[in-house]
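What follows is a set of notes on a single structure, which appears directly below.
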Amino acid sequence: QVQLVESGGGFVQAGGSLRLSCKLSGGTFSYYALAWFRQAPGKEREFVSQISRSGGYKDYSDSVKGRFTISRDNGAKTTFLQVDNLKPEDTGVYYCAARRTILTAPPTRDDREYSYWGQGTQVTVSA
């Protein structure tokens with residue numbers, strides 16, 4: 001059974017940085033496209049970033065583009081989200097998600113397409 005475990009969240013001041021990690025177990029990591037979503041208090045979950053199986057395609061929401069960087073290490077079965085220049089509006093629970101797909105599958109920001117989810121890691125940014 002595929003499981004995802006996030007880590008790396010924390011409390012930082014505006015302008016600070018964090019590195020979120022998400023390790024996959026119970027499956028062949030390279031078979032999965034991966035994504036990060038977040039949910040702020042009182043708001044719906046929203047797409048943040050995604051990376052293809054090969055790592056050759058990366059996608060970011062407009063609100064984080066230029067500040068966040070997604071990557072993956074297939075050997076370590078881990079995806080990372082480097083979050084820089086954090087803003088108070090980045091506060092929320094960050095979730096890692098995975099979907100098993102073929103190499104040529106188109107990317108998707110739709111959270112309904114992701115079958116596996118981590119438990120989330122809290123990021124809190126103070127002004």
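The pair K65-D62 meets the salt-bridge criterion, since a charged nitrogen lies less than 4.0 angstrom from a carboxylate oxygen.
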Hey, can you pull the donor-acceptor pairs under 3.5 Å for the side chains in residues 11-33, sequence neighbours left out?
residue: S17; atom: OG; partner: D84; partner atom: OD1; Å: 2.8
residue: K23; atom: NZ; partner: A76; partner atom: O; Å: 2.9

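In this structure, F68 and Y94 have tilted ring planes: the angle between them lies in the 30° to 60° band.
Residues I51 and V2 fall within the same hydrophobic cluster, defined by Ile, Leu, Val, Met, Phe, Trp and Tyr side chains chained together at heavy-atom separations under 4.5 Å. The hydrophobic cluster containing V125 also contains V83, counting ILVMFWY residues as joined when their side-chain heavy atoms lie under 4.5 angstrom apart, directly or transitively. V48 and F80 fall into different hydrophobic clusters, defined by Ile, Leu, Val, Met, Phe, Trp and Tyr side-chain heavy atoms under 4.5 Å apart, directly or through other members. At a threshold of 4.5 Å between side-chain heavy atoms, the hydrophobic network of Ile, Leu, Val, Met, Phe, Trp and Tyr places V64 and Y95 in two separate groups. The same ILVMFWY cluster, assembled from side-chain heavy atoms under 4.5 Å apart, contains both Y116 and L81.
For the pair P107/D59, no side-chain contact is recorded, criterion being any heavy-atom separation below 4.5 Å from C-beta on.
Remark: R72 CZ to K77 NZ distance equals 12.0 Å, nearest 0.5 Å. Within the model, atoms CD of Q50 and CG of D110 stand 10.5 Å from one another, a figure rounded to the nearest 0.5 Å. Rounded to the nearest 0.5 angstrom, T124 OG1 and D90 CG are separated by 11.0 Å. Atoms CZ and CZ, on R99 and R53 in that order, are 10.5 Å from each other to the nearest 0.5 Å. Note: F37 CZ to S61 OG = 10.5 Å, rounded to the nearest 0.5 Å.
Although no hydrogens or angles enter the test, the distance criterion places no donor-acceptor pair under 3.5 Å between the side chain of Q119 and the main chain of V5. A distance-only check finds no donor-acceptor pair linking the side chain of E46 to the backbone of R38 [under 3.5 Å]. E6 places no side-chain N or O within 3.5 Å of a backbone atom of T121 that could act as its donor or acceptor partner.
Residue A98 comes nearest to L34 through the heavy atom pair CB-CD2, 3.6 Å, listed as atom of the first residue, atom of the second, then distance. Counting all heavy atoms, side chain and backbone alike, Y60 lies closest to T69 at OH-CA, 3.4 Å. The minimum heavy-atom distance between R67 and N85, with the atom names listed, is NH1-O, 2.9 Å. V93 and Q122 get closest at one heavy-atom pair: CG2-OE1, 3.2 Å.
Under the side chain to side chain donor-acceptor pair (under 3.5 Å) criterion, D73 pairs with no residue, sequence neighbours left out.
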